[in-house]
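Accompanying notes for the structure given below.
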Amino acid sequence: MKWFIVVMLLLSGCVSPRVLERQGIITAAGFDKKGKMYEGGSVMLSFQTTGSSMSEVIEATNKTSKGLRQDLEAQTSHDLGSGQIRAVVYGKELAEEDGIFGLTDTLQRDANIGSLVYLAIAEPSAKQVIKSKKHEDTPDIGTYLYRLIEKNLRSESLLAATLHEFIHSYYDVGKDPVLPCLSLRDGKPIIEKVALFRGDKFVGTVRLDESFYIKMLASEYNTGLKNITVPRDDVAPLLIKKKGKKVNIVFNEIRTKRKIKLISQKPAPHFRVTVKLQTEILEMSEKIKPIMQANIHVLERAIEKQMKKEIEQLLSKLKAYNTDPIGFGQIYDHSVRRLQLTDKQWYKLYNNAKIDVDVSVSILRTGTID
Amino acid sequence: MWFTKKDRIDDVARQLAHSPDFMCRRIECKGRNVYVLFLSNLINHAHLHQNVLSFIHEQQHISIDQLARCLPIGAVSICETEKEMASYIRDGWAGIYIEKEKRGLVVNIAEKVERSLEKAETESLVLGPKMSFTESIDTNIRILRQNVTDPKLVTEKIMIGVRNPLEVRVVYIEDIADETNVQTVKQRLEELHIDEVIDSSVLAQMLDDHAYTIFPQYLLTELPDRLAYSLLKGRIGIFVDRSPTVIICPTTFFSFFETTEDIYLRWAMSTVLRAVRMLGIFASIFLSPLYVAVITYHYEVIPSALLLTIGESRSRVPFPPVIEALFLEFMIELLREAGARLPTKVGQTMGIVGGIVLGQAAVDAGFTSNVLIIIVALSALGSFTAPSYEMGATIRILRFPIILLAAFWGLVGIFIGVSILLIHLLKMTSLGRPYLSPIYPFRFTDMKYALIRLPVRFYHQRPKTNRPQNSRRFSWREAMKRKDLDE
């Protein structure tokens, strides 16, 4: 016991305290490219003794991210603490030209930073997003971005990545990361698109309704609502009026089973994607006849056809960007024996890969009243 | 040896340290002098007049043997020596000498002072019997015998104390209580060569397995029904004269957190109540250390919704979190101690002044943060949920070293504290029986006696922790049967 007390007293100097109110708590950080330097900004939360707390953006320019940190430290009386960081935003230009792995890697190595930090790409620059004053009821922009991304990830078709997931897909052969792409509308950051990557480099974006399919194929997450536009002819037997060209259908995904299978390797990899979707119809743009057991399959087939078309379009778009967020490469790697797939090999194969899409939709209900 | 009557009476008086209330009444009866000796402060005078003095007066023929046979008094004894007689007189008996007789006689006409039976105060209950033990061992044994009519109830008498002898009664049910336990208790009591024991709580400390631990090892209760329940489950009780609390042994850690109310209430309620109590105790030990550790070292783990609230209230405080926490804990302890020492009426005012005025003022003055006030108040409340006063006090003290550990090493420190505590508890025994039972050694069937409650039909066996000689209480099969009229 006495030794314990001695050790306790001796070792107590070894830990440096980081008292909460002495910290300038960073809730969000943004990085942009400025010539050969990084331009970085941090949202710092400082507690006020009277009135409500303030968040402040401090900026610096340096060659490395830790160098940036030093420059930022020079601008505040608090110790900058990154333990509460919620979102890290990278400028589109930076992500496109230099890639962001170098910056994410330092985040990953910092023990203070949790690996569940959300990453995002900002258009046109991270600085503008970070400096936005419009953050609803949240005390600072970092918390706002965190809640924005989290909510859209949970219930909508956004594909988002935490730091951990980003690093994981980056290192994984045959799978590319995706990040949400933030843009400003009336000075307020919103999510409009999803950014696609090859390795750690930004290659392009897809719309949120397209990312529905990526999310559906790549993950088990619930993807939320989907609006689909089908040609009038496909659903003609159901319609009352005969005019117009397109019909909009909004449905909600209830349960999805997806399966991607490599059916042949040569001459080029050939995949079959099977999606079994159970949905409920929420809204249609036109009046229709009562849906019965007999005619519901008309609707189902129409949706299937349109979805198949859209998925194929998306896949060719992804191929054009030469990015593989769904992870066909992983499946290829798993399915072929004695293969050490490298990224280089895979991109070559991926370009020629043939992907069959097979969608089957079953409508479980058409609104909860029946 | 034959002394003159004068010598004998002087000798007795000397034995009684020439107490000014020592009286010697001489009665002349049939030409023989009869001397009645007593301490006038200790006896019942009416009793003396009616049953002793007038009785002797009416006798035709008088001798010690005849008196011993005929006196209308329950407890009568013949004494050979003056020393023996003096010790009886000291207990409030009256001594009788008859001229020219060698031996003396003592009769019990003592009137002991005791308070009447009252409601239990330290272990107050909402439901169930409310009577509590008093300071008289005779009354206490009487209460026990009313509660436990089992013919196998044993109440063994052991005298402790050389200078100030004290009657101690070891009570147990002969065919339930474990023999080894009974032997251990008796042996430990008999081996106590000590001048005096002041109270049962002191005796409990003398019987301890571990002298240096801060945890109490024996349960002290003032509730007869709790003692009866423990005896019937195979435990041993120790009554101590002049003490209103009874020692129950062997005791486990968890029995300090149960009340008799748990048994009286329905199973679901008492399970929840026990859970609440355990949570309260846990919060009481760990909330303030957690606050200190998190604010000092680990601001990362604060949820973002709380970050601002905590940060804003902390930014006004000029001290490091550990000083802040110790200051507030000290204040609460001060309030508690002041409240306990003051009369009830003043105590209430103290509570209000201390709780509301001081707390509010401390926050306004920027001495402490709001959040910490809540935390400290919560942990103080938590410590009072321990039904045993001793355990409650232990838990309040336990918090301080853990706060210090948290201040030195953060969360790591708290876990070191927890580990040390756990190792200590695992090693502890009470009367040689594991203290942490039924968790360690793990006894699944005893869980219903310690952590949760089940419907009464599941209590068909006595807890194995107590090692009862006979563990069967009733037939499980019969209890599970439906009992309807139409069967």
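The sequence lines fix the lettering, A, B, ..., with proteins before strands; numbering per chain opens at 1.
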Query raised in the report: Measuring heavy-atom distances to chain B, does A/Thr27 have an atom under 4.5 Å in its side chain, in its backbone, in both, or in neither?
Result: neither
Requested in this report: Let me know if A/Ile85 has heavy atoms under 4.5 Å from chain B in its side chain, its backbone, both or neither.
Outcome: neither
Requested in this report: With sequence neighbours excluded, tell me which residues meet side-chain hydrogen bond (donor to acceptor under 3.5 Å, both in side chains) with A/Lys131.
Outcome: A/Glu59
Query raised in the report: Can you find a pair of side-chain heavy atoms, one from B/Thr296 and one from A/Arg18, that are under 4.5 Å apart?
Result: no
Query raised in the report: Between A/Gln84 and chain B, which part of the residue has a heavy atom less than 4.5 Å away: side chain, backbone, both or neither?
Result: both
Query raised in the report: Side chain, backbone, both or neither: which part of A/Thr138 has an atom under 4.5 Å from a heavy atom of chain B?
Result: neither
**Report entry** NE2 (B/His210) with more than 12 external heavy atoms under 6.0 Å
**Finding:** yes
Query raised in the report: How about A/Leu20 and B/Ile302: do any of their side-chain heavy atoms sit closer than 4.5 Å?
Result: yes
Query raised in the report: Taking side chain as C-beta onward, heavy atoms only, is B/Pro320 less than 4.5 Å from A/Val19?
Result: no
Query raised in the report: What is the distance from atom CD1 of B/Ile310 to atom CD of A/Glu21, rounded to the nearest 0.5 Å?
Result: 11.5 Å
Query raised in the report: By a 4.5 Å heavy-atom criterion (distance strictly below it), what part of A/Arg86 contacts chain B: side chain, backbone, both, or neither?
Result: side chain
Query raised in the report: What do you reckon, is CD1 of B/Ile198 surrounded by more than 12 foreign heavy atoms closer than 6.0 Å?
Result: no
Query - Contact residues of residues 406-437 of chain B (partner chain A; heavy-atom separation under 4.5 angstrom) - result: B/Phe408, B/Trp409, B/Ile416, B/Ile420
Query raised in the report: Are any of the side-chain heavy atoms of B/Leu307 and A/Thr143 separated by less than 4.5 Å?
Result: no
Report task. For A/Lys63, look at atom NZ and say whether over 12 heavy atoms of other residues, nucleotides or ligands are found less than 6.0 Å away. Result -> no
